[in-house]
Amino acid sequence: MSRSAHPAGPRHADVLPEGHYSAPPTDLNVLDHKVWAQTVGRGEDGVVTVGGVPVTRLAEEFGTPVYIMDEADFRARARAWRTAFGADADVFYAGKAFLSRAVVRWLEEEGLNLDVCSGGELATALSAGMAPERIAFHGNNKSVAEITRAVEAGVGRIVLDSFQEIVRVAHIAQSLGKRQKVQIRITVGVEAHTHEFIATAHEDQKFGIPLAGGQAAEAVRRALHLDGLELIGIHSHIGSQIFDMSGFEVAAHRVVGLLKDIRDEHGVELPEIDLGGGLGIAYTSDDDPREPHEIAKALGEIVGRECEAARLRTPRISVEPGRAVVGPTAFTLYEVGTVKPLEGLRTYVSVDGGMSDNIRTALYDAEYSVALVSRASDAEPMLVRVVGKHCESGDIVVKDAFLPADLAPGDLIAVPATGAYCRSMASNYNHVLRPPVVAVKDGEARVIVRRETEEDLLRLDVG
Ligand code: LLP
């Protein structure tokens, strides 16, 4: 990333310190819709609005920090996936990115299915009335209780992740007098170009059964012979925050190759393949994500072509986007508490949240953008690091960004693209209370996940 240009102004060293920043934008008041939710804009008074509601009003009504979700944007993105993949494919939203009962209802209304990966996510989906056959259950170590609950509820599929689990699910289903639809998750040996912790298709890791060495073929052999299981397909998820389509294409190619081997060995054509989630989103203006219709087209073409060559019926494709549906739809609204210029280095801006509401910067070195949203400013850009209130120097929300040099305590700033893997990975570190999620649409704002209270914390502390 470029870091050649640097701003003039009294609060800057001539040479910028080490960092990932690009040149400061020419106008810090402009909001780039690559990273901001669709209905976000700056009013004539300089205050940023979302869904027609000023952020100052949101802060007053709901407090800060707060995740603000643009419901219209969420629905539009969900619909874009649904439309891109059409009637011959299924879109499973990956609930791990962010799940709440309101989200489940939006998904149902927009025609998406749901991928859950724990008893908690399953309980949330069922309690919101999601049709169980539209739920896929994932995980590399589902407990017996979780599997039992999923089978009893009648989930549409369980994605098997190990040899032990093949037997475990078969026994549970059989003992409940059921035949459970399952897929087998395989690792296709693709090196996805993303952070090591979120790449999942290389062989040396905990998920899936390797295609290499015939292990996946052996898993299929076993699953086909167990009465409690109906093997409906093969699953591959190569990783997350991926921009390069070639990994998906190689994965699709190898999954179809396995379907062909299964047909040749068993005379069975499995009807479905799932190619997982992983499409990247823009966190800064430098990112250029692909659109759902591009990935739908690329996957459809490669699967169609490979199946034709292998003389296989084209299987029904499913995908599991999480981040790309919810990520861009929300921003985190913070109040600035302190502004601390460090001569020749940068200015530290402390906000009233931090690594407890966004662990991604500390965990993955993730990059984020930030803007002053409670007013416009014509002040010079200053290089800042936005940090939280936790007792840890790695408590960084935005590592390198520019904010106006007249930034002061009491200003509201917002970090966009925090809809995915922020609230869902939030913690109580330092007994800081997890922020609420507020959905905004057509001038109305409503809490969909309430703010945690000290009472909530103390209720768990039963010593
Ligand atoms: N399907 C499966 C089987 C997955 O494991 C995941 C994500 C998805 C779908 C959705 O992937 P997405 O479309 O959201 O990239 N906490 C990390 C991301 C971990 C992703 C885990 N699995 C982060 O904050 O970047």
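Order of listing sets the numbers, starting from 1, for every ligand and every atom in it. These values consider heavy atoms only, across backbone and side chains, with no hydrogens, waters or symmetry-generated copies. Nothing here was measured: the structure is a model prediction, and the numbers come from that model.
Residue Ala94 approaches ligand 1 through these ligand atoms, each under 4.0 Å from one of its heavy atoms: 8 (C), 9 (C), 10 (C). Of all atoms in ligand 1, listed by their number and element, those nearer than 4.0 Å to a heavy atom of Arg185 are 3 (C). Every atom of ligand 1 is numbered from 1 in the order shown, and the set under 4.0 Å from a heavy atom of Asp115 is 1 (N), 9 (C). The Gly322 neighbourhood of ligand 1 comprises atoms 12 (P), 13 (O), 14 (O), with distances under 4.0 Å to a heavy atom of that residue. Close approach to His138 involves these atoms of ligand 1, each under 4.0 Å from a residue heavy atom: 3 (C). Within ligand 1, counting atoms from 1 as listed, the ones closer than 4.0 Å to a heavy atom of Met425 are 16 (N), 24 (O).
Of the candidates Ile295, Leu275, Ile302, Ile295 is the only one forming a side-chain contact (heavy atoms from CB on, under 4.5 Å) with Phe248.
A salt bridge is absent between Asp395 and Lys389; no separation between the charged side-chain nitrogens and carboxylate oxygens falls under 4.0 Å. With respect to the salt-bridge test (charged N to carboxylate O, under 4.0 angstrom), the residues Arg385 and Asp400 qualify. Salt bridge status for Glu265 with Arg221: present, with a side-chain N to carboxylate O gap under 4.0 Å. No salt bridge links Glu306 with Lys260; every basic N to acidic carboxylate O contact stays at or beyond 4.0 Å. Taking the charged nitrogens against the carboxylate oxygens, Arg222 and Glu218 do have a contact shorter than 4.0 Å, which makes a salt bridge.
By the 3.5 Å distance cut-off applied to N or O atoms, Tyr421 is counted among the residues near ligand 1. Remark: ligand 1 and Ala97 share no N or O pair separated by less than 3.5 Å (distance only, no angle test). The shortest N or O to N or O distance between Glu320 and ligand 1 is below 3.5 Å. Between Gly278 and ligand 1, at least one N/O pair is under 3.5 Å apart.
Residue Pro321 places a heavy atom less than 4.0 Å from ligand 1.
A cation-pi arrangement is absent between Arg451 and Phe62, since the terminal nitrogen or guanidinium carbon is not both under 6.0 Å from the aromatic centre and inside a 45° cone about the axis.
Of all the heavy atoms of Tyr364, the ones lying under 4.0 Å from any atom of ligand 1 belong exclusively to the side chain. Both the backbone and the side chain of Arg323 come within contact range of ligand 1, each with a heavy atom under 4.0 Å.
Arg134 approaches Leu107 most closely through the heavy-atom pair NH2-O, 3.9 Å.
Ring orientation note: the planes of Tyr93 and Phe74 are nearly perpendicular, at an angle over 60° on the 30°/60° scale.
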